[in-house]
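Worksheet: one structure, shown below.
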2 protein chains.
Amino acid sequence: MPKARLTPASVTEAAAALVDEVGFDNLSMGLLAERLGVKTPSLYKHVTSQAELAHRIAVLAMTEAGDAIRDAIQGRSGSDALAAGAQAMRTYVREHPGRYAAANATRPTGPDDPFIPASERVLASWAAMLSGYDLDPGQEIHAMRTLRSVLHGFATLEAAGGFQIDASVDESFTWLINFIDQGLRAGAASGSDAAR
Amino acid sequence: MPKARLTPASVTEAAAALVDEVGFDNLSMGLLAERLGVKTPSLYKHVTSQAELAHRIAVLAMTEAGDAIRDAIQGRSGSDALAAGAQAMRTYVREHPGRYAAANATRPTGPDDPFIPASERVLASWAAMLSGYDLDPGQEIHAMRTLRSVLHGFATLEAAGGFQIDASVDESFTWLINFIDQGLRAGAASGSDAAR
DNA sequence: CCACTGAAGCTAACGCGATTAGCTAAAGGC
DNA sequence: GCCTTTAGCTAATCGCGTTAGCTTCAGTGG
C-alpha cells in the first residue's frame with residue numbers, strides 16, 4: 001500500500017535531519033526508514049546505497065553552507081565581511097553538525113560531481129571576502145588556506161566538544177576573528193614580512 | 001598451535017600501523033588479523049572490542065604526538081618554538097593520518113581515561129610555547145584555542161586532500177605559522193585592540 | 001622428566017545492519 | 001475502466017563484529 005510518497009530529495013532531507021540529531025556515524029538505513037515510516041529495503045527505491053545517501057547529504061550541506069556564507073557576506077566588506085562570514089559558517093556547523101561531518105567525510109566521486117561546484121562556491125565566497133583586504137596576489141592562496149584552516153579547525157573542535165570551558169567559546173571565536181582580521185590588515189598590500 | 005605471541009600492546013601497534021595505511025574507517029578486525037597471521041576471533045584474547053582497539057590507537061597517537069611536539073619545542077622559545085612545534089605536529093599527522101583520525105574520533109571514556117592526560121600533555125606544550133609571547137593572561141585561552149584551531153584545521157584539511165595544488169602546501173604552512181607568530185607578537189602584553 | 005594449569009589459537013555459530021530478489025498493489029496515463 | 005509503472009513489502013543473502021567452546025602449546029611444581 002504505497003502512501004509514503006518518498007522521493008530521493010525527501011529521503012536525503014530526512015537523512016540530513018537525522019544525522020544532525022544522532023551524529024554522522026550513527027546514521028543507519030534502519031533508523032532512517034523508521035523515521036520515514038517505511039521498511040528499510042524501501043529506501044533503496046530512492047537511493048542506491050548508504051554511501052550515496054551520505055554523499056547526497058554532503059552535497060546538501062556544502063550547498064547550504066555556501067548559501068549561508070554568501071548571504072552573510074552580502075553587502076559587507078573587510079572586517080565586517082570576515083566577521084559575518086565566519087559567524088555564518090560557525091553557526092551552520094553548530095546547527096548542522098551531522099551534515100558538516102558528512103561533507104568532511106566525502107570525496108568527489110568524479111569530475112562532474114555536484115559536490116565540486118558546491119565546494120567552489122564556498123571558496124569563492126572566502127575569496128571575495130579576502131579581496132576586501134588588498135593582499136599581495138601571491139599571498140592570497142596562503143591567506144585563503146589559513147582562513148579555511150582556522151574556521152574548519154575551530155568548528156570541528158567545537159563540534160567534537162574539544163573546548164573544555166563552554167562558557168567562553170563565543171568570546172574565543174570573536175577573538176579569533178579579530179586576530180585574523182588584524183593579521184590580514186597588517187599584511188595587506190605591503191607584502192610585509194608576513195611573507196618572510 | 002600458539003606461536004604468534006601477541007600482546008595487547010603489539011596488537012595496538014599493528015592496528016595503528018594498519019590504520020595509517022588503509023585509513024581509520026577502513027580498519028577491520030579481519031584485516032588486522034590477517035596482518036598478524038591470526039584468525040579474527042583470536043584478537044579478542046588481547047582486545048575486548050574494536051571500539052576499545054580504536055581507543056587504544058587514539059591514546060597511542062596522542063602520546064606520540066605529545067612527545068613529538070614536546071621534543072620539538074625543547075630548547076626553543078618564541079617564534080622558533082612555534083615554528084618547530086607546529087611543524088612537528090603537521091609532520092606527525094602526515095606520517096600517521098590514521099592514528100590522528102582515531103584520536104579525533106575518540107571521546108574520554110571516564111575520569112581515569114589515559115587519553116585525558118595524554119591530551120593534556122599536548123595542551124601543556126602549546127601553553128609552554130605560548131608563554132614565550134607575553135600575552136595578557138586573559139587572552140591566553142583564546143590564543144590557545146586559535147592556535148589549536150589553525151593547526152588542527154590545517155592538518156585535517158591537508159590529510160583529507162582539501163588543498164588542491166599540492167605544490168605550495170609547505171609554503172602555505174610556513175606562511176600560516178608566520179602569520180600566527182606576527183599576530184601573537186603584535187597582540188603581546190599590551191592587550192592591544194586584539195581584545196576589542 | 002612429567003603431569004597440570006592457563007593462556008592463545010582455532011572452528012563454529014550468532015546477530016545486526018546493509019543490500020538484493022521477487023512479489024503486490026496503488027497511481028496515473030490511455 | 002484497463003495497463004504499465006513503481007513504491008513498498010517480505011524473505012533471503014552477505015559481511016563483519018562478536019561469543020562460545022574446544023584444543024594445544026608453554027611453563028611450572030613435583
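As a basis for the values below, the full set of heavy atoms in this structure was taken, side chains included, without hydrogen atoms, waters or symmetry mates. Proteins get letters first, then strands, A, B, ... in listed order; numbering begins at 1 in each.
With DNA chain D read from its 5' end, the first of the two nearest nucleotides for B:Met29 and A:Leu43 is the one closest to A:Leu43.
Distance from the side chain of A:Lys45 is smallest for D:dA7 among the nucleotides C:dC10, D:dA7, C:dT20. Among the nucleotides C:dT19, D:dA7, C:dA8, the one closest to the side chain of A:Tyr44 is C:dT19. Of all nucleotides listed (D:dC9, C:dA18, D:dT18), D:dC9 comes nearest to the side chain of A:Val38.
Look at CD on B:Gln50: it is 20 Å from P on C:dG15, rounded to the nearest Å. The CD-C1' distance, from A:Glu52 to C:dA18, rounds to 14 Å in whole Å. In this entry the distance linking CG of A:Asp25 with P of C:dA18 reads 13 Å, nearest Å. The interatomic distance linking A:Leu53 (CG) with C:dG17 (P) rounds to 16 Å, in whole Å. Summarising the geometry, the separation between CD on A:Glu34 and P on C:dC16 is reported as 15 Å, rounded to the nearest angstrom. The distance from atom CG of A:Leu6 to atom C1' of D:dT6 is 13 Å, rounded to the nearest whole Å. Here the C1' atom of nucleotide C:dC16 and the CG atom of A:Asn26 are 15 Å apart, to the nearest Å.
Contact between the side-chain N/O atoms of B:Ser42 and the OP1/OP2 oxygens of C:dC10 is found at a separation under 4.0 Å. For the OP1/OP2 pair of D:dT6 and a distance below 4.0 Å, the side-chain nitrogens and oxygens of A:His46 include no atom meeting the criterion.
Following chains of ILVMFWY side-chain contacts shorter than 4.5 Å, one cannot reach B:Leu60 starting from B:Val11, and the two form parts of different hydrophobic clusters.
One finds a salt bridge joining A:Arg121 and A:Asp67 here, because a Lys/Arg side-chain nitrogen approaches an Asp/Glu carboxylate oxygen to under 4.0 Å. For A:Glu13 and A:Arg99, the salt-bridge test passes: some basic side-chain N is under 4.0 Å from an acidic carboxylate O.
Separating the CG atom in A:Leu31 from the CG atom in A:Leu18 is a distance of 4.5 Å, to the nearest 0.5 Å.
A:Lys39 contributes no side-chain N or O that forms a donor-acceptor pair with the base of D:dG8 under 3.5 Å.
Using a 4.0 Å heavy-atom cutoff across all strands shown, B:Ser49 reaches sugar-phosphate atoms only and no base atom.
With ring centers used as reference points, A:Phe154 lies under 6.0 Å from A:Phe173.
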